[in-house]
Amino acid sequence: MEIKQEEIIPFRVFVRVRPMSEKEKAIRAEKITRSEDSIIWVREQRGNFIKENSYAFDKVFTERSENLKIYREELKSLVEDVCNGLNGTCFAYGMTGAGKTHTMLGSSSTFKQEKGVVYIAVDDCITSMTNKRCDFVLKLSYLEIYNEHVRDLLGSGENLMVVEDPLKGVIIPNLREFEITSSAEAKEIIDSGNSIRVMASTAANQFSTRSHAILQLSLEQSQKDKNIVSSVFTSKLCLIDLAGSERAASTENRGQRMIEGANINRSLLALGNCINILSDCNKRGKFIPYRDSKLTRILKESLGGNTQTIMIACISPSSSALEETLNTLKYAERARNIKNKVVQNTKEVEAHVSEYKDIINSLRQEIDFLKSQINKPEDIVLSGEPRIDSQEGLEDISQKIMMNFEEHWEIKKSIREIELLNEDNTMKMKKLLGKYQTEELNSKELRALKHELIFIKQNIKENEEARAELLENLYMNLKTKSNLQQAMSILKKDDKKEILELQIMLRNLKLEALDLHIQNTQIKQEAQKNKEESVAKDAIINRMKQEIEEMKKQISTMTQSSYLNTPNEDFSASFTCSKVSFDESPTIKQFILSPKNSEKKIKLSKLEEARRARKEVKSSNFVLKEKIEEITKPELSERLRASSVTANIKTGEGLQKGQKSLKGAFSNIYQIENMKDRYKSVERHRTPTQKETERKNLIAKNVLQQKSQSSISSLVKGLNSKILTAEEATDIVKNTWNMKKKTPTPSVTISLKKP
Ligand SMILES: Nc1ncnc2c1ncn2[C@@H]1O[C@H](COP(=O)(O)OP(=O)(O)OP(=O)(O)O)[C@@H](O)[C@H]1O
């Protein structure tokens, strides 16, 4: 399977217009919508004033569009992506009776029978996976959120907790998952879930679903190749049939239906608030109130996480539903601005498959063990206890206490989240202010910076307001808690009460255990991150160490060759000079020290080579230093700096050796002067004939010496005043050299400058 790169994918929003209902036809409602491809126009009549507004979406499906067409044209690709390891969500939104359930789950009660997109998607997913040549496990879970309670539609029906796991994201412990292998199997499971979903007849819809239903397909697929490298892809497909938004006035709901309606509206309002913040790019850094409802908590990943999301906004074409239609379209229009970062959930497992399986098995065992640990207290408390009879007051209070505790938990977490967000915002603001103070910005950059600062400031302010509101909620929550505890204490103490108290305690303990688990996972994650960081750091250090070692080797080779190539005692100026000005130019220097034969020239050129090599080492040292600057870890750069200092010293040694040899050459010149003195001192022991010959020689040498002295003086002058060209200098030195061979050394001043 091709591994996809991270992509920013916006919400895709479609509008689906259902046909006029019998009821709407009966009241002779007018059709107020018309559409073309991706645009829908809505006609609004207010008194005599008529206007038509247009709204743009990714596509508009008309009354004639069927579920299968919608699936094929827009949802199929989402399912394909899920089969390729990406997460996907599709939810239907709209007023009550607008056609959400018809779209998602289909219907048979109308004049025509249609299969919902949920069934088509599950079928398609099974078929695609079966056709693929890989191992896969497909699991299905189905839940509903009714009056802010999460209920397993395939399980016991108990009120489930929603937990945020730092590794797995939002999870619902104890939610049953069924492994499915065939469409028939899946259909049976989904149908059984639908059969217990809360439905009721309302004024707006005879078969109104009063809960939000969330069906989730979890897919895990693995691929093996010859090299036994196994890739594991995990993905989720979330299909959601939301309960309908409704206006209390128009639905004429009373009693239980009104409570349901209030809860439905509360969660849809929370969904709208999250969409508003997520869709506004200036609101980055603003607290997103996912915790305001169970629906938004469960949809957190679909709304602002690693998921491709599709929203189907269902509307009625009728004039009687104008307000709801406009609300739905505006809501959906905002959602179009949400962009999610989507990445393939893949793990490259470089391990033998058997090894890998062992790891999974051991993890599964650990999970099973932990599960058994979590379930233990409940078993102990409830095993053998009689079932609690319905005792309205007691049960009601215990339920409320549990909810109160959960609410307390959520509020505290939200407060902490806001505090962290604002810490982050303040940091960002400080950074921008620092940029403002230290950098020279042009007017455009300045404007952008100010703009950003204003939004961050606004976000901080709004976050603070949300925090203040939450603190107030916390205060109310604590007040409710003490009231509930008081109410509980008044009730007659009996076995049932004790069991209920224990149940409350157990639930609270479970929450605490889960929170501890989360903290534990976070600590583990942190530890793992630190470990990975330190491993990566060690790798860098090792790599750099190796590089340093290699450089040291190079340097020592170069130093050695520089030792070898540096002129040694053979290399000595054969003429006596008391002082010669030393030019920096290597050519000139070469001329001054011009050797008497080609061998020395070679040596000199080798010296130059060595110098060049040293220069190269120096420049590579500089590169190394630059690398050090890149590395932010101080200890690493410290180590490298130390090594580069050593390297420099080594290079310097080579240089010094060269200079030493040069100095040696000049000391030889002085030695010749000394020899002359010694010659004078032994003069008296010679025979008269010897003395005569030597005297004649000396006169001749003195003449030559004077000539060469004046030549070298003019050479030095020429060099100092830069009158001579390099060629001229060469000639003079050559001549001087020749003269020197036959004559005693000329007395010229030499001063040696450090190159
Ligand atoms: N595209 C459609 N074609 C034919 N009938 C439809 C279509 N959409 C909806 N209906 C019919 O309209 C009625 C209301 O639809 P549905 O139950 O799907 O609405 P809903 O939005 O789910 O409402 P609620 O939120 O109250 O559950 C149903 O009888 C359904 O069969």
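One-based numbering, in listed order, for ligands and for the atoms of each.
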Min N/O separation Ala243 to ligand 1 under 3.5 Å = no
note = Partner of Arg16 under side chain to side chain contact (heavy atoms under 4.5 Å, CB included), picked from Thr62, Ile70, Ile315, is Ile70
ask   = N/O to N/O below 3.5 Å, does that happen between Thr101 and ligand 1?
value = yes
ask   = Relative to ligand 1, is Pro19 under 4.0 angstrom through side chain, backbone, both or neither, heavy atoms considered?
value = side chain
message = Tell me the nearest of Gly99, Ser65, Ala213 to atom 15 (O) of ligand 1, using heavy-atom distances.
response = Gly99
query = To which of Arg197, Met104, His102 does the heavy atom nearest atom 1 (N) of ligand 1 belong?
reply = His102
message = Tell me whether ligand 1 is touched by Met95 - counting only heavy atoms on the residue side and a distance under 4.0 Å.
response = yes
ask   = Side chain, backbone, both or neither: which part of Glu63 comes within less than 4.0 Å of ligand 1 when only heavy atoms are counted?
value = neither
request  = Nearest heavy atom to atom 23 (O) of ligand 1 wins, so pick from Gly97, Gly94, Gly244.
outcome  = Gly97
inquiry  = Check contact between Cys314 and ligand 1, using heavy atoms of the residue and a distance below 4.0 angstrom.
reply    = no
ask   = Any chance the side chains of Arg291 and Thr296 put a donor and an acceptor closer than 3.5 Å?
value = no
key: Aromatic plane relationship, Tyr55 with Phe57 - under 30° parallel, 30 to 60° tilted, over 60° perpendicular   = parallel
Lys294 and Glu406 ion-paired at < 4.0 Å = yes
